[in-house]
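Within every chain, numbering begins at 1; the chains are lettered A, B, ... in the order of the sequence lines, protein sequences first and strands thereafter. Because the structure is predicted, anything quoted here is derived from the model rather than measured.
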Amino acid sequence: MAQKLQPPRGTRDFYPEELRVRSWLFAHFRAVADGFGFEEVDAPVVEHEELFTRKAGEEIVEQLYHFELHGRRLALRPEMTPSIARMVMARAGSLPLPARWFALTQNWRYERMTRGRRREHYQWNMDVWGEPRITAEAELIGAIFALLDRLGVPRDAVRMRLSSRALLEETLRAGVLARRPEAFAPLCVVIDKLDKIGADAVVDLLTDPQGKVQLARPDAQQVVDWLGLRDLETAAEGLAADAAPRAQLAELFDWLDAYGVADRVEFDTSIVRGLAYYTGTVFEAFDTARNLRAICGGGRYDRLLQTLGGPALPAVGFGFGDVVILELLQDLGSLPELPRELDAVVFAFGDAERPAAIRLAAQLRGAGERVELVLANAKLKRVLADASRSGALRVYLVGPDEVTHGEALVRDLASGEQSRHPLPV
RNA sequence: GUGGGCGUAGCUCAGUCGGUUAGAGCACCAGGUUGUGGUCCUGGGGGUCGGGGGUUCGAAUCCCCUCGCCCACCCCA
């Protein structure tokens with residue numbers, strides 16, 4: 001096939017059967033968001049580049065699709081959160097808080113392709129703005145599991161891993177970062193790679209004299225060791241008993257228990273996320289078999305609005321992509337069969353009957369039916385075969401006799417039974 | 001970015017020690033005379049064998065280059 005006829009690498013065409021799957025998934029995203037009382041928002045896919053550029057060495061910023069037009073530097077959004085933050089900021093004074101917003105957006109990232117990563121993907125984004133309590137995290141995590149349940153993902157097929165950057169930050173400030181608090185964000189970006197590049201490589205990056213963190217080697221090793229902890233009490237040992245992060249995480253698990261999902265969430269200090277703006281809770285969900293990349297991820301970013309020049313407004317949110325979850329459902333054999341849905345086919349034998357057929361189709365459509373009108377003067381045999389294949393329930397036949405008697409012949413394609421339906425005048 | 005595998009019809013593939021007009025199944029289209037589908041029968045359209053160059057009397061087949069896809073690694077949300 002000619003190269004120009006293919007979509008650019010990492011992008012997808014959606015044929016009807018593929019779009020049905022996507023729409024099915026999106027419908028569940030929306031249904032859960034609606035059920036949780038969230039309102040849908042949208043924003044342009046093209047934004048000013050500076051909305052996304054931060055200086056913490058994040059890949060997401062280095063992989064921007066960007067360009068310059070008439071002196072303006074623009075970029076395709078790599079994620080939705082900054083755009084929503086911009087929208088929140090513009091109405092910060094009048095927005096009833098907490099605001100619960102969700103979005104279903106296509107995001108762009110210029111990166112090398114592997115399984116589960118494309119240059120374009122859709123993401124379901126849910127955010128709570130203006131709620132400092134960890135009840136917001138619990139609600140969002142509850143929504144994620146509500147979605148997985150709706151999609152038919154077995155209860156034990158996905159687990160959420162969760163930690164707190166605040167816990168990490170307080171621990172580090174009491175220790176290796178006591179005099180260099182500004183190194184915290186870049187440090188998070190580095191240690192997010194632990195799972196992917198290994199402990200030794202992370203220590204190398206943390207101690208890199210050219211890097212942004214520049215820890216001493218024993219200090220770096222100490223950080224990596226801490227990231228191996230899986231128990232909240234041990235991880236919080238360096239902190240006061242009433243330290244906020246520690247108490248909040250304990251509280252969160254109480255709420256998650258009430259949502260009935262506490263057993264599906266585990267504390268894991270190695271979860272830090274690769275984005276610089278997170279300040280508190282961070283979480284990611286994975287397939288239990290660990291065959292795939294993270295299914296979704298999110299966290300608290302209480303200072304993002306200030307970073308963009310707005311007021312202090314706490315926020316929590318998550319992004320849930322379409323690619324990994326569909327791969328998981330495929331692997332689990334949980335993708336439903338989604339045939340085309342068509343109620344009726346209306347067929348005029350010839351142009352003499354066509355006006356009557358058009359009026360009949362209009363009547364049925366007015367009643368909410370999905371109706372395909374046969375456009376050619378085809379043979380009846382062909383019409384029935386096509387209608388059958390298309391999944392239509394009924395065929396309305398409008399021939400000379402039917403027009404004469406003012407009644408269409410209705411054939412039920414499943415049973416073969418025929419009845420009559422008055423033609424509209 | 002590195003290594004490996006693969007590109008032949010819309011799809012899945014066969015064909016390759018170089019040799020007439022390149023094949024199958026599925027799909028598609030048309031017939032099987034009157035206004036009745038899923039089956040069946042018959043027929044048909046469709047391929048610059050990913051692209052370019054080379055070797056040769058002759059290339060889908062051999063060589064070089066290039067593009068694309070897949071897997072692993074590398075890199076990383």
First encountered from the 5' end of RNA chain B, between Cys296(A) and Glu402(A):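 Residue closer to the 5' terminus by nearest nucleotide: Glu402(A).
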Which of the following nucleotides, [options], is nearest to the side chain of [X]?
| X | options | value |
| --- | --- | --- |
| Asp401(A) | rA77(B), rG37(B), rG35(B) | rG35(B) |
| Arg109(A) | rG31(B), rA77(B), rG37(B) | rA77(B) |
| Phe349(A) | rA77(B), rG37(B), rG35(B) | rG35(B) |

Under 4.0 Å from OP1 or OP2 of [N]: is there any side-chain N or O of [X] that close?
| X | N | result |
| --- | --- | --- |
| Lys379(A) | rG31(B) | yes |
| Arg389(A) | rC28(B) | yes |
| Arg382(A) | rU36(B) | no |

Contact between Phe145(A) and Arg264(A) at the side-chain level, heavy atoms closer than 4.5 Å - yes or no?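 Contact flag for Phe145(A)/Arg264(A) side chains = yes.
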Regarding [X], tell me which of base, sugar-phosphate or nothing describes its non-hydrogen contacts under 4.0 Å with the strands shown.
| X | result |
| --- | --- |
| Asp386(A) | nothing |
| Leu275(A) | nothing |
| Gly416(A) | base |

Could you label the plane-to-plane angle of the Trp124(A) and Phe318(A) rings as parallel, tilted or perpendicular, counting under 30° as parallel and over 60° as perpendicular?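 The rings of Trp124(A) and Phe318(A) stand perpendicular, inter-plane angle above 60°.
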Pair Glu47(A), His66(A): side-chain N/O donor-acceptor within cut-off below 3.5 Å: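 Distance-only check fails for Glu47(A) and His66(A).
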Between P of rC74(B) and CG of Leu205(A), the distance in whole Å: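 Computing the Leu205(A):CG to rC74(B):P distance gives 14 Å.
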With rounding to the nearest 0.5 Å, note down the distance linking CG in Asp322(A) to CZ in Arg22(A).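 Output value for this atom pair is 8.0 Å.
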Determine the Euclidean distance between corresponding P atoms of rG4(B) and rU16(B); express it in Å to zero decimal places.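 The same atom, P, in both gives a distance of 25 Å.
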